[in-house]
Amino acid sequence: MNLGIAGKTALVSAASRGIGKAIAIGMAKEGANLVICARNEAGLRQTAKEIESAYSVKILPIIADLTKGSEIKSLIQETIDHFGWIDILVTNAGGPPSGPSLSFSDQDWEYAMILNLLSTVRLCREVIPIMKKQGWGRIVNMVSIAAKQPLENMVLSNSIRAAVLGLAKTLSQEVAHENILINSICPGWILTDRLVSIVKKRAETHGKTYEKELAELTADIPIKRCGTPEEVANLAIFLASERASYITGTTIQVDGGLVHGLL
Ligand code: NAD
């Protein structure tokens, strides 16, 4: 299938590793030019180099902390200065810490809200007016199955991800007639650095080895394995494509069947 995104400009936030990196690589495979951001300069430059050497697309790496409104504004301005437009926005970020629900301070809650909810608000607020001028746009939000089915010891994610879905659905209804389509992806357990640290922390809490904890987590997944970042990226790239032209306001999990609910 020709996804129709060759030559388009895709901004993938938090893309130095993990799911964001896999999405950036997938976009490059389809011929989209890229802007990627993260806080860590070395990791970001390394990812940009890997993509540049494997695919003949233009890539602009920008150091940006998604918890800072001013850095999000500069990220968008630099993208426009360099490429002139933004066709595709993937709102990805790091995840909030895990821990017992009552252990988090106001500061922890505020940080998680800024990282996962406000960063999405800010990115959309900057990018949607640009997409309106173009009469074409795709936004894909990276959320979590925590928004559909609360996860043990993950109250920050369980609470704040649901708010991102509220934002995405509301915006999708407001801009659909302008050919700007907004969808959200809920990854289940995907083998990345983040999952390794979550499983290590759980193993410590439960007094088990990392291997035992990972095996137990995997046993609960109907497909009986964790997902790969590429498996999440495949859906993100389709939703960002010309071929997803009648899909907006949806929330789709990529979770090997882990969510037990009907919707
Ligand atoms: P990861 O930790 O492997 O990668 C996170 C990326 O975000 C890195 O590139 C990091 O540099 C960047 N980042 C973190 N904080 C940032 C900030 N303040 N500003 C800019 N960049 C920042 O994570 P991942 O597993 O790829 O997860 C990506 C997203 O998907 C996270 O929000 C995560 O919570 C969510 N998610 C992951 C899983 C999973 O099992 N891996 C499951 C559900 C949801």
Side-chain angles (χ1 to χ4, degrees), residues 11-26 34-48 50-51 61-72 74-75 90-98 110-120 122-123 140-165 184-202 213-214 217-218 220-221 223 225-233 235-236 251-256 258-259:
L11 166 56
V12 184
S13 62
S16 65
R17 61 173 199 237
I19 295 170
K21 178 178 177 180
I23 294 172
I25 291 172
L34 281 165
V35 178
I36 57 171
C37 84
R39 286 170 307 181
N40 173 302
E41 180 162 8
L44 187 69
R45 296 219 179 279
Q46 176 57 33
T47 296
E50 275 175 45
I51 295 175
I62 299 176
I63 310 301
D65 183 341
L66 293 161
T67 63
K68 306 228 161 74
S70 59
E71 296 195 17
I72 290 181
S74 318
L75 169 70
V90 179
T91 69
N92 183 47
S98 58
E110 275 168 21
Y111 189 80
M113 281 190 275
I114 292 170
L115 177 65
N116 293 115
L117 176 60
L118 197 53
S119 70
T120 312
R122 285 167 166 162
L123 284 165
V140 180
N141 302 301
M142 202 48 57
V143 192
S144 166
I145 55 155
K148 290 200 161 201
Q149 178 169 291
L151 299 167
E152 180 196 325
N153 256 356
M154 303 278 285
V155 71
L156 296 176
S157 205
N158 295 344
S159 308
I160 291 158
R161 306 295 192 172
V164 176
L165 295 188
S184 303
I185 296 181
C186 291
W189 295 126
I190 308 299
L191 256 187
T192 63
D193 293 351
R194 173 163 169 80
L195 183 60
V196 170
S197 65
I198 288 172
V199 174
K200 277 187 182 155
K201 201 166 171 188
R202 280 190 176 199
E213 192 65 42
L214 185 63
L217 179 131
T218 307
D220 284 341
I221 306 170
I223 286 188
R225 64 172 176 84
C226 291
T228 65
E230 293 70 28
E231 287 173 311
V232 180
L235 176 62
T251 302
I252 306 176
Q253 64 261 32
V254 179
D255 68 345
L258 188 58
V259 168

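Note: hydrogens, waters and symmetry copies are ignored here, and every other heavy atom, side chains too, is used. Numbers here are sequence positions counted from 1. Counting starts at 1 for both ligands and their atoms, in listed order.
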Under-4.0 Å heavy-atom contact with ligand 1, by part of [X] that carries it:
| X | value |
| --- | --- |
| Ile190 | both |
| Ala64 | backbone |
| Arg161 | side chain |

Item to check | Side chain proximity check, Ile72 to Ser13, heavy atoms < 4.5 angstrom | outcome: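 Of all side-chain heavy-atom pairs linking Ser13 with Ile72, none is under 4.5 Å.
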
Checklist entry - Can you find a pair of side-chain heavy atoms, one from Leu151 and one from Ile145, that are under 4.5 Å apart? => result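 Heavy-atom side-chain distance check passes, below 4.5 Å.
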
Could you work out, for [atom], the closest of [options] by heavy-atom distance?
| atom | options | value |
| --- | --- | --- |
| atom 44 (C) of ligand 1 | Ile72, Val143, Asp193, Ile145 | Val143 |
| atom 29 (C) of ligand 1 | Ile19, Leu191, Thr47, Asn92 | Asn92 |
| atom 38 (C) of ligand 1 | Cys226, Gly95, Gly188, Gly94 | Gly188 |
| atom 30 (O) of ligand 1 | Met142, Arg194, Arg17, Lys21 | Met142 |

[atom]: nearest protein contact (heavy atom, Å):
| atom | answer |
| --- | --- |
| atom 25 (O) of ligand 1 | Thr192 OG1, 2.5 Å |
| atom 10 (C) of ligand 1 | Ser16 OG, 4.1 Å |
| atom 15 (N) of ligand 1 | Arg39 NH2, 3.2 Å |
| atom 43 (C) of ligand 1 | Pro187 O, 3.3 Å |
| atom 6 (C) of ligand 1 | Ala14 O, 3.7 Å |
| atom 21 (N) of ligand 1 | Ala38 CA, 3.7 Å |

Shortest non-hydrogen separation from [X] to [Y] and the atoms involved:
| X | Y | value |
| --- | --- | --- |
| Val259 | Gln149 | CA-OE1, 3.5 Å |
| Gly94 | Asn116 | O-ND2, 3.0 Å |
| Ala112 | Pro96 | CB-CB, 3.9 Å |
| Leu44 | Cys37 | CD1-C, 3.6 Å |

Next on the checklist: With a 4.0 Å cut-off on heavy atoms, is Asn40 in contact with ligand 1?
Outcome noted: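 No heavy atom of Asn40 comes that close to ligand 1.
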
Relative to the heavy atoms of [X], which atoms of ligand 1 are at a distance of less than 4.0 Å?
| X | answer |
| --- | --- |
| Ala93 | 7 (O), 28 (C), 29 (C), 31 (C), 32 (O) |
| Leu115 | 18 (N) |
| Asp65 | 17 (C), 18 (N), 19 (N) |

N/O donor-acceptor pair under 3.5 Å between [X] side chain and [Y] backbone:
| X | Y | result |
| --- | --- | --- |
| Glu71 | Asp65 | yes |
| Lys21 | Thr47 | no |
| Ser159 | Leu156 | no |
| Thr251 | Ile185 | no |

Below 3.5 angstrom, do we get any N/O pair linking [X] and ligand 1?
| X | answer |
| --- | --- |
| Tyr111 | no |
| Gly18 | no |
| Leu66 | yes |

Next on the checklist: Tell me which one of Val90, Thr192, Thr228 satisfies side chain to side chain contact (heavy atoms under 4.5 Å, CB included) with Ile19.
Outcome noted: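 Exactly one candidate clears the test, Thr192.
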
Item to check | For Arg202, all residues meeting salt bridge (Lys or Arg N to Asp or Glu O under 4.0 Å), sequence neighbours excluded | outcome: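 Arg202 satisfies salt bridge (Lys or Arg N to Asp or Glu O under 4.0 Å) with no residue once adjacent residues are dropped.
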
